[in-house]
Asks: 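There's a structure below that I have some questions on.
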2 protein chains.
Amino acid sequence: MTRRPTIGDVAKLAGVSRATVSFVLNNRPGVAVDTQRRVRSAAEELGWTPSSSARALSTGRARAVGLVLAREPELIGTDPFFPAFMAGIETVISETGDGLMLQMSRPENEVDTYRRLAADRRVDGVFLTDLRADDARPALVAELGLPAVAVGAPDSGTGLPSVNLDDRPAVREAVRHLVDLGHRDIAHVAGPDEFVHARRRRQAWSDALAEAGLPEGTLLPGGFTAEGGARATRMLLERPTPPTAIVYGNDLSATAGMAVAQDAGLRLPQDLSVVGFDDVPLASYTNPPLTTCRANPVSWGRASAQALVQLIETGTTADMDLEPATLVVRGSTGPAPVR
Amino acid sequence: MTRRPTIGDVAKLAGVSRATVSFVLNNRPGVAVDTQRRVRSAAEELGWTPSSSARALSTGRARAVGLVLAREPELIGTDPFFPAFMAGIETVISETGDGLMLQMSRPENEVDTYRRLAADRRVDGVFLTDLRADDARPALVAELGLPAVAVGAPDSGTGLPSVNLDDRPAVREAVRHLVDLGHRDIAHVAGPDEFVHARRRRQAWSDALAEAGLPEGTLLPGGFTAEGGARATRMLLERPTPPTAIVYGNDLSATAGMAVAQDAGLRLPQDLSVVGFDDVPLASYTNPPLTTCRANPVSWGRASAQALVQLIETGTTADMDLEPATLVVRGSTGPAPVR
DNA sequence: ACCGGCGTTTAAACCGGTTTGAATGATTGC
DNA sequence: GCAATCATTCAAACCGGTTTAAACGCCGGT
């Protein structure tokens, strides 16, 4: 196994200095076209590619961005958001040859994870997802001098650029859809309240009820999990007057809720209407097909990556608002039962 | 914003040379304990952490491993395997402060992605997942001199160390379970045949039928997707004599299949038994709860990471076999209907 | 013949660590 | 008392790039 070629080898073969090779590589002006050709063909012949660590050292840029997934391990696999979001990031950064460093951590170690990411300088910037109401990370990245964009935290006073995709229109639309179908008792099985997006969905549900002139609905925590959704559904169905419709924080808890309701002998949607959130691939294949809200996490990842890259390169970037989530009506919602 | 401290700053503050600081950092023997203390407290005071790029440059080790996800974008979010697998990797590499570089690519660009990963030397080794029957990657990583472990390709002549988790016992168990329940016509809705693991599951199904003295069952492609599972199920149900049980390649297609069957008026499990694979979080909350096969992708990730780290550090590592997948019996399987 | 200016190229310093071989001072052996 | 040994420390080279300031060759103008 022969040592892999360095810039010096290329320079020698092309009969120029290392500086010239570097200039050509970064297509800087002021190199004769003939020289450029010689350098390029020498590089090609040797199969030379610059070492990223050497480059990182001299430029001070790691050419990588970081994503921290701070979820309970058992939740990690259940969320369709992250894979799609990462795919969106990738489309942007791979264009410039940048990399994505992934760190997973338990929520309680999150801060240390960011600290290490910053200390090592393995990344030039990070995404802040799953922002919580009282989140320590904005202050942390500011302290560390680490460029960061907040993903989905528009109303924040974080001082960070943020990329937003509004969940609320879809949820409001869902509630209106149910109201139009005659529902008057519409419950919500929410995600963990510390998450900004869970809270926003809850707020949208609550606002929409008020807009429709309805009293406050029943609210139960579902934790974005199947188990939580199932438990909340059981509790709702045990009430003296169960709701006729339930809006869930995500598809996972909605699907589990549907199963619980059917298990209790209810027919969907005749006896109970159900709405989810996410539009997971399975949603059109549940029985009945799940009415749900669809966002576009790929475009979200793409926009977030663009914002972060710009922030890293220029020092500033504008907030961005993506197309809001929309309602997808399928078979799990229907006219309210007559009591 | 003050420049972040370097090893030189620490050395000056501690009153020693940079070499000494480096020795202390890497706890090499031959430094007086008193000096060690001084260096450590100086580092602490300045909040110094070594720059990973500088380190990478001089040691020639990137201290990161790479994972390439070459899936169709629409499939990326549907597989519970990857997040869990990555979580397992993370538990191992984070101990030593290593990082995980994630690259997503379309299957057709996969080779280029590995090439770039190797050329940049951003990673010290890679995981090869989703191995296909005639896979170009083992030869590629050998050519590139890139350490790699094959994830789940035991029978291969790849020459690569591999970490395996046998799917087959669970599938065989599933078929036996169905046979015990009186089923004689057990179909299989398989994953893409180019994947080694999809093929293995199919083979196990087929072998188990033979072992039970049954004729060959009906085989249909389900592509590991909801849509594919639904379509295959429709086709199976349209047959003159539909199977009384279906073993699916994964939970996603199984769940979609259940919905299709119920939609066609079948009661589960009275009219049709269904078995999935993966044991996704939703599996115990479908209606009826899904009988399925459970592997442990977290431990798989952990073992793969250990193997890769050892391979990187020592140049060799032993193949490893993990505990095979097992059958989890729930409500979607029951006695065969009497015809 | 000399000078200024331009386009092109380069030597050398630098990024922040690691590593080697030698220097230093203290201890031991004879 | 002096050389040999040992533990400790350090100066300097090195990793493979980028960048700056200076040098070079060549041209036209006077």
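Excluded from the calculations below are hydrogen atoms, water molecules and symmetry mates; all remaining heavy atoms, backbone and side chain alike, are included. Throughout, a chain's letter reflects where its sequence line sits, starting with A, and its residues are numbered from 1.
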Asks: Using the benzene-type ring in the case of Trp, are the ring centres of A:F224 and A:H197 under 6.0 Å apart?
Replies: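 Centroid separation for A:F224 and A:H197: below 6.0 Å.
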Asks: What verdict does the salt bridge (Lys or Arg N to Asp or Glu O under 4.0 Å) test give for A:R116 and A:D112, after you've listed the backbone C-alpha separation in whole Å, the side-chain angles of each residue and the deciding distance to 0.1 Å?
Replies: CA-CA 6 Å; A:R116 219 174 61 189; A:D112 287 341; over 6 Å; no
Asks: Nucleotide by nucleotide, 5' to 3', does protein get under 4.0 Å of the base (B), only the sugar-phosphate (S), or neither (-) in nucleotides 16-24 of chain D, counting heavy atoms?
Replies: BBBBB----
Asks: With a 4.0 Å cut-off on heavy atoms, is A:S52 in touch with a base, just the backbone sugar-phosphate, or nothing at all?
Replies: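 If one applies the 4.0 Å heavy-atom cut-off, A:S52 turns out to touch nothing in the nucleic acid.
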Asks: Round to a whole Å and report the spacing from CZ of B:R61 to P of C:dT19.
Replies: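 Whole-Å distance recorded here is 11 Å.
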Asks: Below 30° counts as parallel, above 60° as perpendicular, anything between as tilted: where do the rings of B:F85 and B:F82 land?
Replies: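 B:F85 vs B:F82 ring planes: perpendicular.
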Asks: So does A:E323 have more than 12 non-hydrogen atoms from other groups sitting under 6.0 Å from CD?
Replies: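 No, because the 6.0 Å sphere around CD of A:E323 holds 12 heavy atoms or fewer from other groups.
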Asks: List for me each residue that meets side chain to side chain donor-acceptor pair (under 3.5 Å) alongside B:R55, sequence neighbours excluded, and say none if there are none.
Replies: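 So B:R55 forms a side chain to side chain donor-acceptor pair (under 3.5 Å) with B:N26.
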Asks: Figure out the CG/P separation between B:D34 and D:dT8, and round it to whole Å.
Replies: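 So the two atoms are 11 Å apart, to the nearest Å.
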